[in-house]
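Single-structure report; data block below.
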Amino acid sequence: QVQLLESGGGSVQAGGSLTLSCSISGDTASLNDLAWFRQTPEKEREGVAYIYPREEFSYWVAYADSVKGRFTISKDKAKNAFHLQMNSLKPEDSAMYYCAAGDRHGGSWADLSLYNYWGQGTQVTVSS
């Protein structure tokens with residue numbers, strides 16, 4: 001049974017930073033598509049960042065335009081976890097953030113159907 005557990009959410013002032021972490025447990029060998037999504041009550045769940053292994057120590061990453069240059073996704077292979085470093089946070093970044101993992105590689109990384117497993121979410125609140 002695969003489980004994803006997010007941590008690191010919280011409240012911060014605009015311009016501040018937070019790091020989210022997602023720990024993956026269970027049979028994870030085939031779960032190479034890893035991503036962060038976010039959702040608010042007013043908007044549908046949207047892709048924030050994505051990481052996929054390209055070679056043994058190399059990854060392909062992608063970001064939503066709204067977070068490029070501010071957010072960084074990374075993979076901790078030894079700990080079977082991945083992270084989202086969020087800098088220069090804005091009030092519009094406030095949302096519930098979810099990590100996701102999948103083995104259905106192909107198509108758009110921001111397509112929710114690409115992912116088999118989801119975390120329970122962690123709240124990020126950015127005040128102005």
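In this text, all values refer to a predicted model and were calculated from it rather than measured experimentally.
- Summarising the geometry of Leu34 relative to Ile73, their closest heavy-atom pair is O-CD1, 4.2 Å, with the distance given to 0.1 Å.
- Taking the side chain as every heavy atom from C-beta outward, Asp76 and His83 approach each other to under 4.5 Å.
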- Query: Would Ser74 and Phe82 satisfy side chain to side chain contact (heavy atoms under 4.5 Å, CB included), going step by step from the backbone distance to the final call?
  - Reply: CA-CA 6 Å; Ser74 61; Phe82 62 108; over 6 Å; no
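- Atom SG of Cys99 is separated from atom CD1 of Ile24 by 7.0 Å, given to the nearest 0.5 angstrom.
- With Thr28 contributing its side chain and Ser25 its backbone, the two residues share no donor-acceptor pair below 3.5 Å.
- The cluster map of Ile, Leu, Val, Met, Phe, Trp and Tyr, joined by side-chain heavy atoms under 4.5 Å apart, puts Leu112 and Leu4 in different clusters.
- Exactly one of Ile51, Leu20, Val67 qualifies for a side-chain contact (heavy atoms from CB on, under 4.5 Å) with Trp36. That residue is Leu20.
- Both Leu18 and Phe71 are members of a single hydrophobic cluster when ILVMFWY side chains are connected at heavy-atom separations under 4.5 Å.
- Ser17 has its side chain out of reach of Met86: every pair of non-hydrogen atoms, C-beta onward, lies at least 4.5 Å apart.
- Thr19 places no side-chain N or O within 3.5 Å of a backbone atom of Leu84 that could act as its donor or acceptor partner.
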Report task. Using the side chain to side chain contact (heavy atoms under 4.5 Å, CB included) rule, take Thr122 and Arg38 through it: C-alpha gap first, then chi angles, then the decisive distance, then the call. Result -> CA-CA 9 Å; Thr122 186; Arg38 66 186 181 188; over 6 Å; no
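- In this structure, the side chain of Asp33 does not engage the main chain of Ala101 through any donor-acceptor pair within 3.5 Å.
- Within the 6.0 Å centre-distance limit, the rings of Trp118 and Phe37 are counted as a close aromatic pair.
- The two atoms that bring Ser128 and Pro91 nearest to each other are CB-CG, 3.8 Å, heavy atoms only.
- Listed here is the closest heavy atom pair of Pro53 and Tyr59: CA-CD2, 3.5 Å.
- The aromatic rings of Tyr50 and Trp60 sit perpendicular, their planes meeting at an angle over 60°, well past the 30° parallel limit.
- Here the side chains of Val2 and Asn116 are not in contact, with every heavy-atom distance at 4.5 Å or above.
- The minimum heavy-atom distance between Glu6 and Tyr98, with the atom names listed, is OE2-CA, 3.3 Å.
- Across all non-hydrogen atoms, the minimal contact from Gln123 to Ala95 is NE2-O, 3.3 Å.
- Put simply, Tyr97 and Val12 are part of the same group of oily side chains (I, L, V, M, F, W, Y) that touch within less than 4.5 Å, one to the next.
- Within a 6.0 Å sphere centred on CD of Glu46, heavy atoms belonging to other residues, nucleotides or ligands number more than 12.
- Electrostatic pairing of Lys90 and Asp93 does not count as a salt bridge here, judged by no charged N lying under 4.0 Å from a carboxylate O.
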Between Tyr115 and Tyr117, is the side chain to side chain contact (heavy atoms under 4.5 Å, CB included) condition met? List the steps. CA-CA 6 Å; Tyr115 304 93; Tyr117 303 99; over 6 Å; no
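- Remark: side-chain polar atoms of Thr125 are not paired, donor with acceptor, to backbone N or O of Ser11 under 3.5 angstrom.
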Item to complete: Apply the test side chain to side chain contact (heavy atoms under 4.5 Å, CB included) to residues His105 and Tyr52: give CA-CA distance (whole Å), side-chain angles for both, the deciding distance (0.1 Å), then the verdict.
Response: CA-CA 9 Å; His105 187 66; Tyr52 183 84; 3.2 Å; yes
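- A donor-acceptor distance shorter than 3.5 angstrom exists from the side chain of Arg104 to the backbone of Ser113, with no hydrogens or angles considered.
- The backbone N or O of Ser88 sits less than 3.5 Å from a side-chain atom of Arg70, completing a donor-acceptor pair.
- Side chains of Val61 and Lys75 form no contact here, defined as non-hydrogen atoms less than 4.5 Å apart.
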